[in-house]
Amino acid sequence: MARAPRWPSPLLLALVVAPALALAAAATEAARAPGAAGNWTEELRGAARHGWRSRRRAFENGLGRTPQMGWNSWNHFGCGINEGLIKQTADALVNTGLAKLGYQYVNIDDCWAESDRDYQGNFVAHRQNFPSGIKALADYVHAKGLKLGIYSDAGTRTCSQKMPGSLDHEEQDVKTFSSWGVDYLKYDNCNDAGRRVMERYTKMSNAMKAYGKSIFFSLCEWGRENPATWAGSMGNSWRTTDDIADNWGSMTSRADQNDRWASYAGPGGWNDPDMLEVGNGGMSEAEYRSHFSIWALAKAPLLIGCDVRSMSQQTKDILSNWEVIAVNQDSLGVQGKKVQSNNGLEVWAGPLSKNRKAVVLWNRQGYQATITAQWSSIGLASSTAVTARDLWAHSSFSAKGQLSASVAPHDCKMYVLTPN
């Protein structure tokens, strides 16, 4: 809202001030060793400082108070999508019980539209693959108690080159999405026409604030210009990494890249290391369990990327572990991070509500190993006795001073510690 004509426009402020702030914040972050185990007291102080900062700069549409949960079409189906698949996926989320666990967004990724806009410049749903149109599909998904997401791009074309982007059509497209009942927008970063990130994402953010206040806004800038330092005022989540692939090396590197920005996440705005690959077949059960555990601890979006219509019981068991999901959805909203690292034997931890701690013992080596989490690393006094809840074994035991476990190769153990 303009207060007086002498003030610069919001867009000008964004273009001039925000890059400077981003550079300053990035310089501060660069001074810290990415992925290194930090002093937990300092991390908590940083989180407290960040809580104040986030209230001032958050994208306040009331959404994303906890990380988003749902499903996205890209990781498994790519461009091979149609309205039948989307309807069947919505049905499967309900029938498997995943919807009741919080997986609410059914997100259509790239390739849903015709190659060209209509004569009025509007998006047109692909006539062959989405003959009923997006509004009818949104109505179907809503009738299931779920929400529909859609995809566009801050460029002239989307990444597939098969449909238009939203560059210079921001307000028109948000109005269209709103009229269709869309609940979520993933906004990619291809074909930028040589125009700056801040300009392109600011334009869409302003359009969303004006015409899409009920739409969750997910920026997919790939972490190229440190969006954690500036995207909190623009949207509800922001990609901190390039696309994930369904293999151990890709998943672990995305976890490490995302860890650097932990202090910038909080209710209303989340770091996004990309969607889940659990169930797509490229990793082992142990590796998928680690993937899901670290994403949950890091307050990353939990967006299923497999075919939920035909997933195995093993995949369902991982995705439906409600105790792990509860860590991700904890109301405190502080992103957990790596706090100990010894040659691939790692401890990741973070505070939860009610004075609890979440802890993951992660074995990134190819051999069985014992990993020990020291109380000093996770913010507990050495004399503190806790009840440790094993979230994968669904059992509890007592511990004091430290927590040790033998962990299989590429696997993890995940706990919630409650002081006695």
Side-chain angles (χ1 to χ4, degrees), residues 68 70-90 105-142 146-193 195 200-201 203-208 210-212 214-222 235-237 239 243 274-275 303-305 307:
Q68 67 269 38
W71 173 90
N72 179 284
S73 61
W74 186 257
N75 281 2
H76 189 86
F77 296 98
C79 282
I81 56 174
N82 57 60
E83 65 181 47
L85 166 65
I86 304 305
K87 289 180 178 179
Q88 291 163 18
T89 297
Y105 289 106
V106 182
N107 292 346
I108 309 168
D109 210 280
D110 202 351
C111 310
W112 61 269
E114 288 286 342
S115 180
D116 297 306
R117 295 172 179 269
D118 67 15
Y119 73 96
Q120 294 178 313
N122 295 312
F123 270 127
V124 179
H126 195 281
R127 295 180 179 87
Q128 180 178 349
N129 294 331
F130 293 88
S132 302
I134 303 301
K135 186 180 188 308
L137 192 53
D139 290 344
Y140 184 93
V141 169
H142 293 160
L146 301 170
K147 297 180 179 181
L148 186 76
I150 211 159
Y151 167 98
S152 190
D153 186 282
T156 55
R157 305 287 293 177
T158 62
C159 295
S160 70
Q161 299 280 4
K162 294 180 180 293
M163 57 175 278
S166 288
L167 187 62
D168 297 328
H169 290 267
E170 291 85 1
E171 289 191 1
Q172 181 177 15
D173 291 349
V174 173
K175 289 177 181 178
T176 296
F177 299 151
S178 295
S179 72
W180 289 344
V182 166
D183 304 290
Y184 188 111
L185 173 62
K186 176 183 174 181
Y187 202 50
D188 222 333
N189 193 32
C190 290
N191 304 302
D192 61 18
R195 289 158 66 174
R200 294 179 291 112
Y201 280 92
K203 288 183 70 176
M204 180 53 85
S205 178
N206 288 342
M208 293 287 280
Y211 304 108
S214 63
I215 301 175
F216 189 107
F217 187 25
S218 172
L219 289 75
C220 186
E221 184 267 356
W222 318 322
N236 300 112
S237 69
R239 277 278 294 280
D243 288 2
D274 207 6
M275 301 166 290
L303 295 175
I304 298 169
D307 187 349

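Note that the numbering runs from 1 along the sequence shown for the chain.
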What is the minimum heavy-atom distance between D173 and S166, and which atoms define it? OD2-OG, 2.6 Å
Applying side chain to side chain contact (heavy atoms under 4.5 Å, CB included) to I150 and W180, what does each step give before you reach the verdict? CA-CA 10 Å; I150 211 159; W180 289 344; 4.1 Å; yes
Would you please test Y201 and N189 for side chain to side chain contact (heavy atoms under 4.5 Å, CB included) and show each step? CA-CA 9 Å; Y201 280 92; N189 193 32; 3.4 Å; yes
Please check: side-chain N/O of H169 versus main-chain N/O of P164, any donor-acceptor pairing under 3.5 Å? no
Check step by step if side chain to side chain contact (heavy atoms under 4.5 Å, CB included) holds for L137 and I108. CA-CA 11 Å; L137 192 53; I108 309 168; 3.7 Å; yes
Minimum heavy-atom separation for A125 to G133, with atom names? CB-CA, 4.3 Å
Donor-acceptor pair, side chain of E170 and main chain of D168, under 3.5 angstrom: yes
Reported SG-to-CH2 distance for the pair C190 and W222, which is rounded to 0.5 angstrom: 4.0 Å
Measuring from atom CD1 of I215 to atom NZ of K147, what distance do you get when rounded to the nearest 0.5 angstrom? 11.5 Å
Under the side chain to side chain contact (heavy atoms under 4.5 Å, CB included) criterion, do S237 and F217 qualify, and how do the steps go? CA-CA 7 Å; S237 69; F217 187 25; over 6 Å; no
Just by modelled atom types, is the L148 backbone N or O under 3.5 Å from a matching donor or acceptor in the D183 side chain? yes
Atom of D109, atom of I81 and distance for their closest heavy-atom approach: O-CD1, 4.1 Å
Decide if atom NZ of K87 counts as having more than 12 heavy atoms of other residues, nucleotides or ligands within a radius under 6.0 Å. yes
Heavy-atom side-chain proximity of S115 to R157 below 4.5 angstrom: yes
Going by atom types alone, do D188 and Y151 pair a side-chain donor with an acceptor below 3.5 Å? yes
Do K162 and D110 sit within salt-bridge range, that is, some charged N less than 4.0 Å from a carboxylate O? no
To the nearest 0.5 Å, how far apart are CD in E83 and NE2 in H126? 12.0 Å
Contact check, side chains of I86 and W112, non-hydrogen atoms, under 4.5 Å: no
Fit a plane to each ring of F123 and F177, take the angle between them on a 0 to 90° scale, and name the class: parallel (under 30°), tilted (30 to 60°) or perpendicular (over 60°). parallel
Can you see which heavy atom on Q68 is nearest to which on S218, and at what distance? NE2-OG, 4.4 Å
How many angstroms lie between OG in S152 and CE in M204, if you round to the nearest 0.5 Å? 5.5 Å
Rounded to the nearest 0.5 Å, the CG atom of N236 sits from the OH atom of Y184 at a distance of 8.5 Å
About how many Å separate OH of Y187 and CD of E221, when rounded to the nearest 0.5 Å? 13.0 Å
State whether a side-chain donor-acceptor pair under 3.5 Å links N191 with Q161. yes
Which atom names give the shortest non-hydrogen contact between C220 and K186, and what distance separates them? SG-CE, 3.9 Å
Over all heavy atoms of both residues, which pair between L303 and N107 is shortest? Give the atoms and the distance, please. CD2-ND2, 4.1 Å
